[in-house]
Amino acid sequence: MSAETKEREPLFSAKNMKLVTKPLNMDNPITVQVLGICSALAVTAKLKPAIVMSISVMVVLAASNVVVSLLRNGIPQRIRIIVQLVVIATMVILVDQVLKAFVYDISKQLSVFVGLIITNCILMGRLEAFAMGNKPWPAFLDGIGNALGYGLILVIIAFFRELLGSGTLFDFRVIPQSFYDLGYKNNGLMILPPMALITVGVIIWIQRNRNRDLIEK
Amino acid sequence: MNNSNGYILRYAAIMVIIAAALLSSAAMLLKPFQERNMAIEKMGGILDAAGINGISTKEMIKSFNNYVTEEVVINQDGKVVEEYKDGPKESGKAFSLGLKEQFYNKSQGKPYELPLYILSNEGKTIYIIPMLGTGLWGPIWGNIALKDDLNTVVGVYFDHKGETPGLGAEITTDKFKKQFVGKKIFDDKGNFTSIEVVKGGAKKLPKNMQIHGVDAISGGTITSKGVDAMLKNVLESYLPYFKELRKNK
């Protein structure tokens, strides 16, 4: 770190790093705050879209967090939700346009999910709860952290759904043909949304079993 | 002080203008890149249906010009409106014809025009028909390649706007597309049968009809039905042209 930042709070202080690590477990947006469930069910049939979705959410969330945090003192209280929505929607469209122009393949993967980012409750939730009251740098870290926590759960769900539902990972066959010859069958239910919800439930169960503090009295 | 109506109105107005300026300039600047990508993708889809794949994006325009020998535009009576042989294939009328508009005209009973590509691959002539239809969440489209008997399918290509991954979106996979190879769109008597996408598998069809059917996707019933309807609807529009072509042979 350079000298000028020393007298202020260091960029990666313990407090700032907590903003990144806490959402991974104790403050996870999906399993603890129960936000963003809809997209967690929709995009987790395969690993690849789940990861692309997580990265896009990270870009949009970090960027809108910073923008809203910069504007936080000027935003009129009564229309703050509308301002947040405009920021998110603008970011999402910009990301989509840039992807379409330069990485067309990935933009095709994203097609539906771009719309889903706008409606993702995590974004509104973080803008309202954190960016409106904090400086840009912590807001940026908070965005990264929450997107990581979201992505982590998405990847876990997508891993089990793709493995058990399609017998593949990243579209590569991992369950050998001999298993199928012996009568093993892909579980078709795994690729339907209900099993995603049950998988989320199981993850929440395991997490609360290990962290007793999370259990509501 | 931040909450007077005047401040809110001014804030909202400026915000909207900035957002609009940002988005429209981004759209304008990026449009040529996006259109090029879309044209390349369209070419890839046409070649893919003919069984030519693995061409990199950079080589696409060159390969497309090599393989496509002719672009034809036909009208509702099967008459040829335009034959385009010379010049870059990406600027032919057939290539820029909007299918959506043409099928809308058809549904309104108005005159319409349809594109057709004629390819030459390893000395064989292949006819490629672009298709457009509806899936579960939005449009689906693709190409079907026919041998020069205008009956046997060489291959197909499908794509979609936003079908469910793992379910309806499976229509783009090789596993689904491969089923179409060698299928026939006319029966022995020369009647149009299209290719049926059968829920529960083509095995459920009577023996003599199995050559006109493929397996639907489990969990993707509505998309499968969409593919079925698209094949029927599009191929039907080309029947008058096929008839003309056969007469001249």
Side-chain angles (χ1 to χ4, degrees), chain A residues 42-50 52-53 67 71 73-80 82-105 107-116 158 161-162 165-166 168 171 186 188-193 196, chain B residues 1-41 44 56-57 60 135-139 159-170 172-175 217-220:
Chain A
V43 304
T44 49
K46 291 255 165 90
L47 264 172
K48 206 166 150 194
V52 175
M53 177 70 169
V67 172
L71 295 175
N73 293 324
I75 297 177
Q77 274 300 307
R78 270 187 266 166
I79 58 162
R80 63 178 198 285
I82 299 172
V83 176
Q84 290 161 12
L85 260 183
V86 169
V87 171
I88 297 172
T90 312
M91 288 299 168
V92 168
I93 297 170
L94 274 181
V95 167
D96 182 41
Q97 296 279 332
V98 170
L99 290 179
K100 251 194 205 143
F102 300 113
V103 267
Y104 196 70
D105 299 345
S107 115
K108 287 210 66 193
Q109 290 275 328
L110 272 170
S111 54
V112 219
F113 314 138
V114 171
L116 284 171
R161 285 183 76 191
E162 187 171 354
S166 312
T168 58
D171 286 330
N186 286 329
L189 194 58
M190 282 308 284
I191 53 176
L192 298 173
Chain B
M1 63 113 191
N2 270 357
N3 283 317
S4 72
N5 285 347
Y7 179 79
I8 291 176
L9 278 176
R10 256 177 292 141
Y11 193 95
I14 292 170
M15 174 183 74
V16 172
I17 290 168
I18 292 175
L22 206 71
L23 290 181
S24 42
S25 47
M28 295 269 290
L29 281 173
L30 298 173
K31 201 162 190 199
F33 297 100
Q34 293 169 353
E35 274 173 356
R36 202 183 119 93
N37 284 335
M38 275 176 227
I40 286 173
E41 190 197 10
S56 73
T57 356
M60 190 58 84
L136 171 60
W137 303 114
D159 208 344
H160 60 92
K161 180 89 200 291
E163 298 307 299
T164 325
L167 303 174
E170 296 286 300
T172 61
T173 57
D174 282 340
K175 195 181 156 202
I217 291 157
S218 43

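We use all heavy atoms of the structure for the numbers below, so side chains are in, but hydrogens, waters and symmetry mates are not. Quick note on labels: first sequence line is chain A, next is B, and so on, each numbered from 1.
Proximity of a side-chain donor or acceptor of B/Tyr7 to a complementary backbone N or O of A/Gly74 within less than 3.5 Å is detected.
Shortest non-hydrogen contact noted between A/Ala101 and B/Asn37 is O-ND2, 3.0 Å. A/Ile191 and B/Gly166 make their closest contact through CD1-O, 3.8 Å (heavy atoms, listed as atom of the first residue, atom of the second, distance).
Residue A/Lys100 touches chain B through both its backbone and its side chain, counting heavy-atom pairs closer than 4.5 Å. If you measure heavy-atom distances from A/Leu192 to chain B, the contacts under 4.5 Å come from the side chain alone. Interface residue B/Glu41: only side-chain heavy atoms are found under 4.5 Å from chain A. Only the side chain of B/Leu167 comes within contact range of chain A, with heavy atoms under 4.5 Å apart. Residue A/Ser166: no heavy atom, backbone or side chain, is found under 4.5 Å from chain B. For A/Val83, the parts sitting under 4.5 Å from any heavy atom of chain B are the backbone and the side chain alike.
Considering only heavy-atom pairs separated by less than 4.5 Å from chain A, the leading option among B/Leu30, B/Thr173, B/Thr57 is B/Leu30. For the set A/Ile79, A/Thr44, A/Ile82, the entry with the most heavy-atom pairs within less than 4.5 Å of chain B is A/Ile79. Ranked by heavy-atom pairs under 4.5 Å with chain B, the list A/Val86, A/Ile93, A/Val43 is led by A/Val86.
Counting heavy atoms of neighbouring residues, nucleotides and ligands inside a 6.0 Å radius, atom CZ of B/Phe33 does not exceed 12 of them.
Atom-to-atom distance recorded for A/Gln97:CD and B/Gln34:CD is 4.5 Å, nearest 0.5 angstrom. Rounded to the nearest 0.5 Å, atoms CD1 (B/Ile8) and CZ (A/Arg80) are 11.5 Å apart. A/Tyr104 contributes atom OH, which lies 10.0 Å from atom CD1 of B/Ile40 (distance to the nearest 0.5 angstrom).
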